[in-house]
Amino acid sequence: MQLNPEQDRAVKHGEGPLMVLAGAGSGKTRVLVQRIAALVGRGVHPSRILAVTFTNKAAGEMKERLGEMLGYHARPMWIGTFHSTCARLLRMFHEEVGLSPDYNIFDDDDQMRLVGALLKERNLKEEATPRSVLSAIGSAKNKGEDPVEYNKLGYLAAVISIIYPMYRGALVREDAVDFNDLLLKVRDLFAHKVVGPQLRQRFEHVLVDEFQDTNPVQYNLVQGFVGDTRNLTVVGDDDQSIYSWRGAEPRNLLDFKRDYPDSEEVKLEQNYRSTKVILAAANGVIINNQDRHRKQLWTDRDGGELVLWEEVRDERAEGDFVACAIEGLVAEEGREWGDMAILYRTHAQSRVLEEMLRSRGIMYKIVGGVSFFQRREVKDIRAYMRLVSNPAADMSFDRIVNVPARGIGKTTVDHVRYYAKSKNISYLEGARDAARGEVPEVKAAARKKLKHFLDIIDGLASVKKAGASVSEFLIQVVERSTYRERLEKEGTTDASDRVNNLAELVSMASDFDDETDGEGTLAEFEERISLASSADSEDGRGSAVTMMTVHAAKGLEYPIVFVVGMEDGLFPSIRENRDTLASEDRKDLEEERRLAYVAFTRAMDRLVLTSARVRRKWADVKITTPSRFLHEIPEDCLAIRTRPDPEPENTTFRRRPARAGKFSGDSYDSTSQYSDVPMNCTAPGRQRKAFGGAGGDEFDQRSEYKEFPTYSVEGEVAYESCDEFNFDQSAEFVEIAAGATVRHKSFGLGRVVTSQGQGKNQKLAIDFSTVGVKTVMARFVDPVF
DNA sequence: TATTCGCACTTTTTT
DNA sequence: AGTGCGAATA
């Protein structure tokens, strides 16, 4: 495909700031990739290019494409999310920010537990919920401000001023950072007298995708990375800004013009994705927003079906309709399941849809939801990993000291905790003392059990020390902790699901080992897990209908898109009992509208919207009003179809009688109203491919069942030595030249003055900030840049 | 100390 | 409706 003149201009832009205002479906990803390739072609060293994407998945795709175009030259490029980029930098500069190289990243769940525990400790549970505290802390940190100061006037001021210092203390003790710290610590690095200037000069070109979704801290980071070169490319679309609740400021697009007045601006207004009708529908909605740059998206894709708005009775009818329509599209138009996506505003809506699809034997996959990595058993195993890497990981200790149950009760743990706190040592150390009998409250029986637990941890530590690969280590965790054994003894389906999840985790670890030639560390694997978003796990394998939230659909496209639950209160989502100002309401509504815009513009050929007259929320039933956005769609784009209730007007709503079986969804087929929809449903009996049995749950976002790799439990695992990896790394080998910054194990950071010799025998004269100029073999230092 | 039961809370969106 | 937590019980 040829580039259009505007795209071409963006790709060919040389030095200096560039802003690309890219509408939905305008090929911005392609432009970005080509631009990077063009920079390399122009002689920019690949390792001096930083590209920031919104998701890890987008980063992966970009890497892949550049890999194809540039071969191994693409490898040294820095391509990733803000978070993964910062994690990488923090690993390099861990000392400067006071972290170990194996530092932990606290995810949502960890933070919640921690704050919950702190609130409990201070008897503040009445005053605030962990969620509210964290969101107050988070909104401050998103702006780069001090949480206590920032919330000084809010109703949580008192709680935050007590909890936040404790929270921060706990993170320091546990050698951990939260998501925001990841960015803030790197921002702080810019002020470091040695590292700061280096960081500023590190990149010659910086490119940021989805710029409308960056928050102030991220913008600061960008400015730091750009340094004096001013070679910054930002790509964004203010109409697709849907993360302001996470601190994103679409105003960054305006600020960019202020901060870089000499920037060139390119507008990509031709849409290559959607039909005219779909685009007109999306435009019709978005023009109702006040706060936006005017943009005129256009397409030359004539024709296409009208957007269909199907009004149905309730969410079951909605699911049934969608399932039917899918069948019809497969039968009539020869579409494949993989061509279709169902988008919803909230995860909670997925359940009914799932049920209805399943009852018709339609394969589906769900993106997001409860992430694989958040499952209890996976988190437990991760806690073992953490505790072994970092004995001070008290939260991890708490989590697994008695998991699986080994008879260490609450009272024992309380004694250990109290003792550890009073001596200012970690819980694990406390447990050691207790096991040795130094804590009188812990009696012999409990001591023995603690000893047993410590033996497990120490055993794992020795496995790690022996140089086990990550997957080997995980296998040892699963075995030595008796986790798998216990689960298998349970014999329930739930337990065997969990075993499968553990197998999946091990196999991911083994993929990781392969990828890193066995050189990846536990901490790196854990980092990857922590930063993996639920949307990343999507593997395009097989043909299945994709279900996800609108947020997760950002950047994706499908020939056919269903957007379900188009009702006021749901989409746009309106939270009740909220005491915000009217202007906030408008802002929220505008964001919801942008969300609708994103949803609609995912569709290439056909867009189907549904609304239910009645929707169950929790236990009760609510009568709904169709989404106001539906009325904003130009009439000539829209086909509206309302189905009357099959029952007489004034019958009261009858509850579906409770069934004995777990799922009653199958009963719906016979009453389906939709066998005559123009998308022509086939009869429910004619299913192309069914999977599983009724109520079976074997199809979800996880990949298929994998056996545990074979291994020996007894005897020592033979760990290969690892001194031959260097050869393959030549592609990434960076010649250390005078002026480079390097790190030495004992001398710390220094700057290379002169260099002598090559390869293994290269000698460097280095000016260390600690000890002055020293001559060192190059292989004893790590190039920082 | 382990297990079980009942209650409260959840549900907007996620790196 | 499903989960997680705390209290009550074995």
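Residue numbers begin at 1 in each chain, while the letters A, B, ... track the order of the sequences.
Between the CD atom of A:E210 and the P atom of B:dT13 there is a distance of 19 Å, given to the nearest Å. Rounding to whole angstrom units, CG of residue A:D109 and C1' of B:dT14 are separated by 14 Å. In this structure, the CZ atom of A:R593 is 21 Å from the P atom of B:dT13, given to the nearest Å. Rounded to a whole Å, the CZ atom of A:R131 is 13 Å from the P atom of B:dC9. The separation between A:R345 atom CZ and B:dT13 atom P is 7 Å, rounded to whole Å. Remark: P of B:dT15 and CD of A:Q212 are 15 Å apart, rounded to the nearest angstrom. Distance CZ (A:R88) to P (B:dT15): 20 Å, rounded to an integer number of Å. Atoms NE2 (A:H347) and P (C:dG2) sit 17 Å apart, rounded to a whole Å.
Aromatic ring pairs are classed by plane angle as parallel below 30°, tilted from 30° to 60° and perpendicular above 60°; the pair A:F512 and A:F525 is tilted.
Stacking here means ring centres nearer than 5.5 Å and ring planes tilted less than 30 degrees, and by that measure A:Y243 does not stack onto B:dT14.
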Does the ring-ring contact (aromatic ring centres under 6.0 Å, His included) test come out yes or no for A:F179 and A:F106, once each step is laid out?
-> CA-CA 7 Å; A:F179 277 113; A:F106 266 32; over 10 Å; no

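Residue A:S573 has its side chain nearest to B:dT12 when only B:dT15, B:dT1, B:dT12 are considered. Of all nucleotides listed (B:dA2, B:dT1, B:dT12), B:dA2 comes nearest to the side chain of A:A405. Of the listed nucleotides (B:dT14, B:dT1, B:dT12), B:dT1 has the atom at the smallest distance from the side chain of A:T411. Across B:dT14, B:dT11, B:dT15, the shortest atom-to-atom separation from the side chain of A:A348 is found for B:dT11. Closest to the A:T346 side chain, of the nucleotides C:dG6, B:dT15, B:dT13, is B:dT13.
Using a 4.0 Å heavy-atom cutoff across all strands shown, A:R594 reaches no nucleic acid atom at all. Here A:T412 lies in heavy-atom contact (under 4.0 Å) with sugar-phosphate atoms only.
Between A:E527 and A:R91 there is a salt bridge, since a side-chain N of the basic residue sits under 4.0 Å from a carboxylate O of the acidic one.
The NE2 atom of A:H452 sits 7.0 Å away from the CZ atom of A:R406 when rounded to the nearest 0.5 Å.
Contact between the side-chain N/O atoms of A:K120 and the OP1/OP2 oxygens of C:dG6 is found at a separation under 4.0 Å. Put simply, A:S84 has no side-chain N or O that comes within less than 4.0 Å of OP1 or OP2 on B:dT15. Between B:dT15 and A:H551, no contact under 4.0 Å exists linking OP1 or OP2 to a side-chain N or O. Phosphate proximity of C:dT3 to A:R376: absent, as no side-chain N or O sits under 4.0 Å from OP1 or OP2. Side-chain nitrogen and oxygen atoms of A:N402 include at least one within less than 4.0 Å of the OP1 or OP2 phosphate oxygen of B:dA2. One finds no side-chain N or O of A:T549 lying less than 4.0 angstrom from the OP1 or OP2 phosphate oxygen of B:dT12.
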Set out, line by line, the N/O atom pairs under 3.5 Å between protein and nucleotides 7-10 of chain C.
none

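Between the side chains of A:D178 and A:Y167, at least one donor N or O lies within less than 3.5 Å of an accepting N or O.
For the salt bridge (charged side-chain N to carboxylate O under 4.0 Å, His left out) test with A:D107, the passing option among A:K379, A:R386, A:R113 is A:K379; the others fail.
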